[in-house]
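Counting starts at 1 for both ligands and their atoms, in listed order.
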Amino acid sequence: MRGRDYVAIRGLEDEVVLKGRHLLGGEWRAGRESFLTRSPSDLNEIVGEYPKGGPADVAEALEAARKALPGWRALNVQRRCDLLHRAGDLLASRATEIGTLLAREEGKRLSEAVGEATRGAQVFHYYAGEVIRHPGQFQDSLRDGHSVLVSYEPVGVISLITPWNFPIAIPAWKVAGALAYGNTCVLKPSEFAPGCAVLLGQLLEEAGLPPGVFNLVHGTGRELGDTLVSGADGVSFTGSTATGRLILQQAAASMTKVQLELGGKNPLIVLDDADLQVAVDVALQGTYGQTGQRCTGSERLIVTRGIHAEFADLLVKKVAALRVGHALDADTEIGPVATAAQLAKNLAFIESAKAEGAELATGGQQLERRAPGHYLAPALFFGTTPSMQLNRSETFGPIAGIIRVQDLEEAIAVANDCELALSSGICTTNIRSAERFRRLSKAGMVMINAPTAGVEYHVPFGGRAPSGYGAREQGTASADFFTEVKTCYLNHGAI
Ligand code: TXE
C-alpha cells in the first residue's frame, strides 16, 4: 500500500491512500492498530487508513478540549468570527479535493460530493456571522431600581458523533455551531467515511484554530461511545434511532446534554390536482437522490387514485432509466450503496416486500459495473400497503413503494401512521390542501411541491422523537443546544 502523510489526496489520483490520524490537543497522532476504508465503487481500492482509537484516546481528546475551553470561550468575538470565516474560505478552496475524497470513500457521485463540501464552507461562513450576531436580552425588572440580563454561555466540551452519509456537511454544521457559541469539541466521525473529518481538522489547523479547540478521534462508536458521552458536557449525534436511544440512556447517567438527529420514514403525498411533472421529479429526486441514503429521503409515496396510474407509469420509466455507476464517472446519476451492511439491509427490504405481495415494478437487483462495488438497481414497488415492512422501517436506500389512497384525508392518515416524523411532503396545486397538510403532518419539516430531502443551513433542521430528540440543528436553533442560559438580576441602587 502506498501512503503519504495525512495531507495526501489531491485531484483524482485514485491510488493515493489517505493516512488519517487522531488530532489530540493539536498533535496528529497515529495508533497501534489501524483500519482501512475501501471505495464502494471499487472494493479493490483502498481509500484511507486510520488509527483505531480506544477510550484512552477519547479521554485525552476530552481533556485537551477542556484545557482549551477557557481560552476559546474568552476569545475576542471578532477573532473567533475571523477564524471560522477563514475555515470556510479554506473549505471552499478545497471543495473539489474534499468532494473527490468523499466520492471515493462514501460513493456519493462527484458533483453531489463537491456540492456537499461547498455546503460545509457555507455553513462555516454562516456560523462565523453567528458569533457576532448572537444576542442576549436586557429586561426591566419587576422591582424598582433593578434590571434583568439574560446571557447565553457555551455548554463546555461537546462530543460530536457523525454518520457516513454526509461525511463533510454534518461534521461541518456540528463543529461550526459548537465553536461559534464558544464550545470546544471532540469529533468522532463514522468509521466508514472518516477521511473528510481529517481534512476538516487540517484546515481548521491551517485557519489558526488554537490547539485543543477541535479534536478528532477515529474508531467505532461501540468502543468509544461511553467515554464520548460520559466525559463531555454535551453530545450531538446523528445516526440510527437505535444508537440514539443508547446514547440517550448513557447520557441520563452522566446528565450530559443531548441532541439527537435520527432516522426518517418520510412520506410524500401526491394529490390528483398535482402538476404531474413536478410530482414525478420531486419523487425521483427525493427518493433516489444520493442513492436514497438521506434521513430526509422519501420512503413512502402516497398517491391518490385519480393520478395514480399516470404518476406510477411516468415514475417507473424514470427510475428504470437512472444510470447507476462509479461515483467518479461523469455520467453516473446514482452511486453505489455506501457499505456492505447497508446493501444487505436494502436487499432484505426488497425480499420482504416481494414476500408480502408488493409488485416489484423495476430494479432491486445487484448490478455489475467496471469494478466490483455495492451497485444496486433503484427499486420501485407498486401495490404496497402501509403495514408492509417496506413502509414501516427506514430502508435508507434507493427503494420506495407506492401506496394508493382515496383522498387527502386518507393520505394524511397514512402519512402520520408511522412513528418516525422527520420530513414529509405534498404535491398539490390546491393551497388549502397544502395548508391542511402543513398543519396536520406530525413531521418536523414539511415540503410543498419540493423533495422531502434538500434542506438549508439557515433554518431549523430536525424532527420529533423518535426521529430526533433535543434542540434542532442548524440556523439559530442550534444555539438552543450549544448554549446554556444565565439570568442575572442587577440592583443598580447598590452600585
Ligand atoms: O448507524 P449508527 P449505521 C440509519 C440508517 C442506517 C442505519 C445504520 O437507517 O441504515 O442507521 O447505519 C456511532 N455510542 N442512519 O450503522 O450505528 C458510529 O460509529 C456512540 C440514519 O452507520 O447509528 C457512527 O459514528 N456512538 C442516519 C455513528 O454512531 C455510536 C445516518 C452512526 O452510526 C455507537 C446514518 C454507540 N453505542 C444512518 N454505535 C441519519 N439520521 O441520517 C455506533 N456509534
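Where the criterion is an N or O separation shorter than 3.5 Å, residue side chain and backbone included, Gln250 fails it with respect to ligand 1. Looking at ligand 1, you'll find an N or O of Leu262 within less than 3.5 Å of one of its N or O atoms. Considering both main-chain and side-chain atoms, Phe396 never comes within under 3.5 Å of ligand 1 through any nitrogen or oxygen pair. Residue Glu191 has at least one nitrogen or oxygen atom sitting less than 3.5 Å from a nitrogen or oxygen atom of ligand 1, judged on distance alone.
The CD atom of Glu60 sits 13.0 Å away from the OG1 atom of Thr227 when rounded to the nearest 0.5 Å.
Checking Phe124, Trp173, Tyr126 one by one against Tyr457, the ring pair (Phe, Tyr, Trp, His ring centres under 6.0 Å) holds for a single residue, Tyr126.
For ligand 1, the atoms lying closer than 4.0 Å to a non-hydrogen atom of Pro163 are 31 (C), 35 (C). Of all the atoms in ligand 1, the ones that sit under 4.0 Å from a non-hydrogen atom of Lys188 are 18 (C), 19 (O), 24 (C), 25 (O). Shown in contact with Ser190 at under 4.0 Å from a heavy atom are these atoms of ligand 1, numbered in order with element: 25 (O). For ligand 1 and Arg222, the ligand atoms under 4.0 Å from any heavy atom of the residue are 34 (C), 39 (N).
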Please table the atom pairs, donor to acceptor, closer than 3.5 Å between any side-chain atom in residues 412-420 and protein atoms at least two apart or in another chain.
| residue | atom | partner | partner atom | Å |
| --- | --- | --- | --- | --- |
| Asn416 | OD1 | Lys442 | N | 3.1 |
| Asn416 | ND2 | Leu440 | O | 2.9 |

Under 3.5 Å, which donor-acceptor pairs link side chains of residues 262-270 to any protein atom two or more places apart or in another chain?
| residue | atom | partner | partner atom | Å |
| --- | --- | --- | --- | --- |
| Lys265 | NZ | Glu299 | OE1 | 2.7 |
| Lys265 | NZ | Leu390 | O | 2.7 |
| Lys265 | NZ | Ser393 | O | 2.8 |
| Asn266 | OD1 | Ser423 | N | 2.9 |
| Asn266 | ND2 | Cys295 | O | 2.7 |
| Asn266 | ND2 | Thr296 | O | 3.4 |
| Asn266 | ND2 | Gly297 | O | 2.7 |

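Aromatic ring pairs are classed by plane angle as parallel below 30°, tilted from 30° to 60° and perpendicular above 60°; the pair His218 and Tyr50 is tilted.
No heavy atom of Phe166 sits closer than 4.0 Å to any atom of ligand 1.
Among all protein heavy atoms, the one lying closest to atom 44 (N) of ligand 1 is Gly221 CA, 3.4 Å.
When the options Thr243, Asn346, Thr238 are ranked by their closest heavy atom to atom 32 (C) of ligand 1, first place goes to Thr238.
Arg392 and Gln389 are not linked by any side-chain donor-acceptor pair at a separation below 3.5 angstrom, with hydrogens and angles left out of the test.
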